[in-house]
Trainee: 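Below is the structure I would like to discuss, written out as structure tokens.
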There are 2 protein chains.
Amino acid sequence: MSDRNLSQLDRALFGLRSLIMNGEFSSGQRLSEVAVAKMLGTSRTPLRQAMDRLVAEGLLVRIETGGCRVATFTRADIADAIEIRGVIEGTAARMAAQRGVSTELLTQIADTLDGIDRAINDPGGINFDCYVKRNAEFHALLAKCSGSDLIRSEIERVSLLPLASPSAFLIEQAAIPDFLDSLRYAQRQHRAILEAITNRECARAEALVREHARLALINFNYLTDDQPTLVNNVPGLTLVASK
Amino acid sequence: MSDRNLSQLDRALFGLRSLIMNGEFSSGQRLSEVAVAKMLGTSRTPLRQAMDRLVAEGLLVRIETGGCRVATFTRADIADAIEIRGVIEGTAARMAAQRGVSTELLTQIADTLDGIDRAINDPGGINFDCYVKRNAEFHALLAKCSGSDLIRSEIERVSLLPLASPSAFLIEQAAIPDFLDSLRYAQRQHRAILEAITNRECARAEALVREHARLALINFNYLTDDQPTLVNNVPGLTLVASK
DNA sequence: CTGGTCAAACATGTATACAATAAACGCAAG
DNA sequence: CTTGCGTTTATTGTATACATGTTTGACCAG
């Protein structure tokens, strides 16, 4: 049903990205077009396009002599990617505060944050799926607040950088006390960000969002240092050089 | 000689980009693959890849029903693109100041800035080509100072956004008094940036670079508002919606 | 046994053919 | 005269064949 009205290119793109993120290839491995094409049940032409896109995303790197290989990331790369996302999202927040945001949008954000509260405080235990969904929604709305399509698309782009996405380290299995604390802290930041934007406090909004992005880095360090058993549950983490 | 050891893809990429930037197509025009392929003397396959890249760069936009068209930019888009470049370059400068930069690299930057001084103060009048070249060199070195390949490639990427490049509005014909002032001012900023990085003044370095990027915006406004006759000398400016 | 060179297999870059789909045009009906 | 529909045209998406260049493996020489 999901494959029906998808182009071959989309199938190849999603398929290959998922193969890579799930660690089906060893990091640094060279990918043969014919082999992967057969694997994905498509021809070389759309696969090639998909590979081009993944090169642009940074998941693959081109080889000078031709072809591409799976990218390898250092811990510094992950930190830098998160930093860049924070900086651009911070710019979005600053612009939002500077230019002002419509009441509808502000209300929409407030509603989203209410949803996060409900997800966290669910009497039957935290509703993780809902949290992740609402969190992504918050970040999307934040990008929209900037009022700039260019900013929005840059945030989208930079969130594709491996493990830079706001949801990169939010995994079901991580519903352990330490993480719950982290989620509550993040939610207070969300509220503060909304307040800063509402009050047109540019500098505060930018600083808050930058700090907020650092949570991803904290989660990354926590996962790799203290919860190495969970590493395989985080898509893409197999691409990080183990030091 | 330049075409010899270039792949068809590169030829198509450079060729098409140059056609678009030089305003050979009207902004918003849909591009027929066969027509453009014939125009560039290549087949559809490499042209298609080139188009994909230009879509990623933002110079073309995909049409839902298939194919692509030349992008159109508003003045707000240009301003946003410049802002984003400033923010990321600013991050590079902050990181450089934070982490410290090798003496060789600092010396290299100082040499480049000396070169700019010589270009500006040339007894035979300003040496524009040299200025542009050295200016690009300075920005490349700044990116390198961050010590992060990811940051470097992101700066490169964002400088491809139409008219966001540090050299976008530096054109020979603009060697008029107002612009010369602007170049001298820019050079003082260059020196200040180098000083801030050398002294490890993170916040100052970031703020200076952000402010420095705004020069591009000033030049953009000056060109479009006060020197409309020069508009056709700036590659890519024809893509900006004339209001 | 090791290093180098040659050859064969293979992978990629490019061109092109074909099919499906969207755009354009004309014609007819209201 | 305008609007809607059907047909034709043209354009894109996909597959595949071919040629060039790279990698790999084997064999020979030192």
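First the proteins, then the strands, lettered A, B, ... as listed; each starts at 1. Nothing here was measured: the structure is a model prediction, and the numbers come from that model.
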Trainee: Report, one pair per line, the protein and nucleotides 15-17 of chain C atoms (nitrogen or oxygen only) whose separation is under 3.5 Å.
Mentor:
| from | atom 1 | to | atom 2 | distance (Å) |
| --- | --- | --- | --- | --- |
| C/dA15 | OP1 | B/Gln8 | NE2 | 3.2 |
| C/dA15 | OP2 | B/Thr42 | OG1 | 3.4 |
| C/dA15 | OP2 | B/Ser43 | N | 3.1 |
| C/dA15 | OP2 | B/Ser43 | OG | 2.8 |
| C/dA15 | N7 | B/Thr45 | OG1 | 2.6 |
| C/dT16 | O4 | B/Thr45 | OG1 | 3.1 |

Trainee: Charged N to carboxylate O below 4.0 Å: is that the case for A/Lys133 and A/Glu137?
Mentor: no
Trainee: Counting the atoms with a prime plus P, OP1 and OP2 as sugar-phosphate, which does A/Leu31 contact under 4.0 Å by heavy atoms, base, sugar-phosphate, or nothing?
Mentor: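 The residue A/Leu31 makes sugar-phosphate contact but no base contact.
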Trainee: How long is the span from the CG atom in A/Leu237 to the CG atom in A/Leu163, to the nearest 0.5 Å?
Mentor: 6.0 Å
Trainee: Quick one: does any side-chain atom of A/Ser146 pair with a main-chain N or O of A/Leu142 as donor and acceptor, under 3.5 Å?
Mentor: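 Checking the backbone N and O of A/Leu142 against the side chain of A/Ser146, no donor-acceptor pair under 3.5 Å is found.
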Trainee: If you pin A/Thr65 and B/Arg48 to their nearest nucleotides in DNA chain D, which one's is more 5'?
Mentor: B/Arg48
Trainee: Tell me: CZ of A/Arg69 to P of C/dA11, nearest whole Å?
Mentor: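 Atom-to-atom, A/Arg69 to C/dA11, this comes out as 15 Å.
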Trainee: With sequence neighbours left out, what residues match A/Phe25 under ring pair (Phe, Tyr, Trp, His ring centres under 6.0 Å)?
Mentor: none
Trainee: Would B/Met21 and B/Leu59 count as a side chain to side chain contact (heavy atoms under 4.5 Å, CB included) if you check the C-alpha gap in whole Å, the side-chain angles of each, and the deciding distance to 0.1 Å?
Mentor: CA-CA 9 Å; B/Met21 292 297 268; B/Leu59 229 52; 4.1 Å; yes
Trainee: Whole angstroms only, please: what is the CD-C1' distance between B/Glu64 and D/dT11?
Mentor: 16 Å
Trainee: Whole Å only: how far is the CG atom of B/Leu40 from the P atom of C/dT14?
Mentor: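 Answer to the nearest Å: 14 Å.
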Trainee: For A/Met39 and C/dA11, give me the distance from atom CE to atom P, rounded to whole Å.
Mentor: 12 Å
Trainee: Which angle, rounded to 10°, do you find between the first-five-pair axis and the last-five-pair axis of the helix from C/dC1-D/dG30 to C/dG30-D/dC1?
Mentor: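 Helix axis angle between the two ends: 10°.
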Trainee: Please report, rounded to the nearest Å, how far the P atom of D/dT11 is from the CE atom of B/Met51.
Mentor: 12 Å
Trainee: Looking at every non-hydrogen atom in both residues, tell me the closest pair between A/Arg69 and A/Gly28 and how far apart they are.
Mentor: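 In this case the closest contact between A/Arg69 and A/Gly28 is NE-O, 3.1 Å.
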Trainee: Among D/dT12, D/dT14, C/dG13, which nucleotide sits nearest the side chain of A/Leu9?
Mentor: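 The answer is D/dT14.
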Trainee: What nucleic acid atoms does A/Arg30 come within less than 4.0 Å of, heavy atoms only: base, sugar-phosphate, or nothing?
Mentor: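 Sugar-phosphate contact only - A/Arg30 comes under 4.0 Å of backbone atoms but never of a base.
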Trainee: Hey, are A/Thr224 and A/Arg75 close enough side-chain-wise for a donor-acceptor pair under 3.5 Å?
Mentor: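 A donor-acceptor contact under 3.5 Å links the two side chains.
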Trainee: Measure from CZ on B/Arg11 to C1' on C/dT14 and round the result to the nearest Å.
Mentor: 11 Å
Trainee: Could you state the atom-to-atom distance from CD1 of B/Ile63 to C1' of C/dA23 in whole Å?
Mentor: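 The distance from CD1 of B/Ile63 to C1' of C/dA23 comes to 11 Å, rounded to the nearest Å.
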Trainee: Take a 6.0 Å sphere around CZ of B/Arg214 and say whether it holds more than 12 heavy atoms from other residues, nucleotides or ligands.
Mentor: no
Trainee: Determine yes or no for a side-chain-to-main-chain donor-acceptor pair under 3.5 angstrom, with A/Arg134 supplying the side chain and A/Gly115 the backbone.
Mentor: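 No, because the side chain of A/Arg134 does not come within donor-acceptor range (under 3.5 Å) of the backbone of A/Gly115.
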Trainee: Provide, to the nearest angstrom, the distance between the CD atom belonging to A/Glu33 and the C1' atom belonging to D/dG21.
Mentor: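 Going from CD in A/Glu33 over to C1' in D/dG21 covers 14 Å.
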